[in-house]
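In what follows, a single structure is set out as structure tokens and then discussed.
Order of listing sets the numbers, starting from 1, for every ligand and every atom in it.
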Amino acid sequence: MNDEPLVLGIETSCDETGIGIVRGSTLLVDAVASSVDEHARFGGVVPEVASRAHLEAMVPTLERACRDAGVALRDIDAVAVTAGPGLAGALLVGVAAAKALAVGLGKPIYGVNHLAAHVAVDVLEHGPLPEPTMALLVSGGHSSLLLVPDVTGDVRPLGATIDDAAGEAFDKVARVLGLPFPGGPHIDRVAREGDRVAIDFPRGLTTGRDLDRYRFDFSFSGLKTAVSRWVQVRQAAGESVPVADVAASFQEAVVDVLTRKAVAACRDQGVDDLLIGGGVAANSRLRALAQERCDRAGIRLRVPRPGLCTDNGAMVAALGAQFVARGRTPSLLDLPADSSMPVTSVQA
Ligand code: KG4
Ligand code: ZN
């Protein structure tokens, strides 16, 4: 008899409808329905399209999750849901579904922070989180460096992007290079054939006064513009664009800055464990360079497998289970969907 809490997690902050079920820190199922294909022709996520897709996918995804996990809804001990940050309409679908389930089943509800969930998910793969852990979260919507003494109650932002998110930069540069949306995986693939030192693209906020003022912050919009200009100049001169070299050099600029600042933050705060999460954590060069630099600095690196790095319900369930395990008070039933929920509030 396993008395660890059985928790259902719901994630709808962007374009993935995720339903995950965990027992304590054991993953039972991670069901995801993505609307990414519906956004591709717009070159980015369209909020209204995402909300509608969540509405349509919610019940079938929930049913599939329960079936695959061999779990009956009445056996669930608690429901956890992403309360924010994210797209308002999209969040609302998940929060409404979670409330309906909590009321119908007579079980507690935990409205959780999406960023904290990206950190908490790694307990499913690599066991308990060291306290504190340094977290680098990089996705299409966020790029943050977080000091995490306690993922259920104490998350401190050290820095974030001041313009584009890292994944957004990948997606925009992919567009410039004529690669499909979302561009990250395509750049990653094409870059393997390219020379990462072919073009010296700018590393934002890494020198002089910028570094002093924005020590642990990121900026990718100047890099994106530099890549566009570089490509335009070639095209205007009637020259062919060396796509693989541009992709590899751009990617190197992004991952160089991300890993450099993450390692510097660990050193600065005396933290020996770095976790990387979010969709961009799937990037092969980011994983390799982070490992190299962490090894050199004596830092232990944790990166969840790619499926747990992108948005999913398991991460929400994993964080919810930790709330239950630590005896935290549930959220109120009137908890709001908060599109700009600050990372410092881990629970709604
Ligand atoms: O976490 P995620 O699925 O959704 C958001 O919360 O945004 O992240 C999606 C982002 C996209 O921008 C996508 O291009 C990027 O992650 N991405 C990658 C890779 N795989 C996904 N970026 C670089 N390299 C990859 N292999
Ligand atoms: Zn995310």
Side-chain angles (χ1 to χ4, degrees), residues 9-18 20 30 32-37 39-40 42-47 50 82-87 90-91 94 112-122 135-144 146 160-161 164-177 179-192 194 196 220 223-224 247-248 250-259 275-290 303-316 318-319 339 341 343:
I10 301 180
E11 154 63 36
T12 63
S13 68
C14 191
D15 58 344
E16 263 92 36
T17 311
D30 182 21
V32 178
S34 177
S35 63
V36 68
D37 293 343
H39 308 285
F42 302 106
V45 175
V46 182
T82 301
L87 303 171
L91 288 167
V112 309
N113 189 296
H114 180 83
L115 299 183
H118 267 303
V119 177
V121 72
D122 199 46
L136 170 68
L137 295 187
V138 276
S139 75
H142 24 84
S143 303
S144 318
L146 308 171
T161 179
D164 293 347
E168 204 178 342
F170 271 94
D171 296 339
K172 288 177 175 172
V173 165
R175 198 172 185 171
V176 167
L177 295 177
L179 300 169
F181 174 85
H186 297 281
I187 294 209
D188 194 349
R189 175 177 47 80
V190 170
R192 279 166 223 227
R196 53 182 181 253
F220 299 110
L223 170 61
K224 171 199 69 193
F250 156 76
Q251 177 173 272
E252 193 66 12
V254 175
V255 307
D256 176 24
V257 176
L258 291 175
T259 53
L275 182 151
I276 308 184
V280 179
N283 185 268
S284 59
R285 180 61 187 151
L286 175 59
R287 295 172 94 101
L289 190 59
V303 193
R305 63 173 180 269
L308 293 179
C309 284
T310 49
D311 291 348
N312 64 80
M315 67 189 204
V316 179
L319 180 54
S339 62
M341 188 174 186
V343 68

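- Under a 4.0 Å criterion applied to the non-hydrogen atoms of Thr310, ligand 1 contributes the atoms 1 (O), 3 (O).
- Among the atoms of Ser284, none of the N or O lies under 3.5 angstrom from an N or O of ligand 1.
- Here the SG atom belonging to Cys309 is positioned 8.0 Å from the CG atom belonging to Leu275, to the nearest 0.5 angstrom.
- Scanning the protein for heavy atoms near atom 24 (N) of ligand 1, the closest one is Asn283 ND2, 3.0 Å.
- Separation of the Phe250 and Phe170 ring centroids falls under the 6.0 Å cut-off.
- Residue contacts with ligand 1: His114 is placed with no nitrogen or oxygen under 3.5 Å of a nitrogen or oxygen of the ligand (distance criterion only).
- Here the heavy atom of the protein found nearest to atom 26 (N) of ligand 1 is Asp188 OD2, 2.9 Å.
- Short contacts between ligand 1 and Gly167, defined as distances under 4.0 Å to a heavy atom of the residue, involve ligand atoms 12 (O).
- Between the CG atom of Leu319 and the CD atom of Glu11 there is a distance of 11.5 Å, given to the nearest 0.5 Å.
- To the nearest 0.5 angstrom, Thr12 atom OG1 is 5.5 Å from Leu91 atom CG.
- Any N or O atom pair closer than 3.5 Å counts here, and Gly141 shares at least one such pair with ligand 1.
- At the top of the distance list for atom 18 (C) of ligand 1, counting protein heavy atoms only, stands Gly184 CA, 3.5 Å.
- Protein heavy atom in closest approach to atom 15 (C) of ligand 1: Val280 CG2, 4.0 Å.
- Remark: ligand 1 and Gly140 share an N or O pair separated by less than 3.5 Å (distance only, no angle test).
- Nearest heavy-atom pair, Ala290 versus Ile276, reported as atom, atom and distance to 0.1 Å: CB-CD1, 3.6 Å.
- With Asp188 contributing its side chain and Ser284 its backbone, the two residues share a donor-acceptor pair below 3.5 Å.
- The nearest protein atom to atom 14 (O) of ligand 1, hydrogens excluded, is given as Asp171 OD1, 2.7 Å; this is a heavy-atom distance.
- Looking at every heavy atom in both residues, His142 comes nearest to Ala165 through N-CB, 3.7 Å.
- Evaluated for a side chain to side chain contact (heavy atoms under 4.5 Å, CB included) with Asp15, the options Val46, Asp37, Val45, Leu87 yield exactly one hit, Val45.
- The closest approach between Cys14 and ligand 1 stays at or above 4.0 Å for every heavy atom of the residue.
- Listed by chain and residue number, the protein N/O/S atoms under 2.8 Å of the Zn ion (ligand 2) are His114 NE2, His118 NE2, Asp311 OD1, with waters left out.
- At least one donor-acceptor pair under 3.5 Å links the side chain of Ser143 to the backbone N or O of Ala166.
- Among protein heavy atoms, atom 4 (O) of ligand 1 sits closest to Asp311 OD2, 3.5 Å.
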How far apart are the C-alpha atoms of Arg196 and Gln251, what are their side-chain angles, what is the distance that settles it, and do they pass the side-chain contact (heavy atoms from CB on, under 4.5 Å) test? CA-CA 8 Å; Arg196 53 182 181 253; Gln251 177 173 272; over 6 Å; no
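- The protein heavy atom nearest to atom 1 (O) of ligand 1 is Gly279 N, 3.0 Å.
- The two atoms that bring Cys14 and Asp311 nearest to each other are CB-OD2, 3.9 Å, heavy atoms only.
- For the atom pair Lys224 NZ and Asp171 CG, the distance stands at 11.5 Å (nearest 0.5 Å).
- Of the possible donor and acceptor atoms, one in the side chain of Arg287 sits under 3.5 Å from a partner among the backbone N and O of Ala281.
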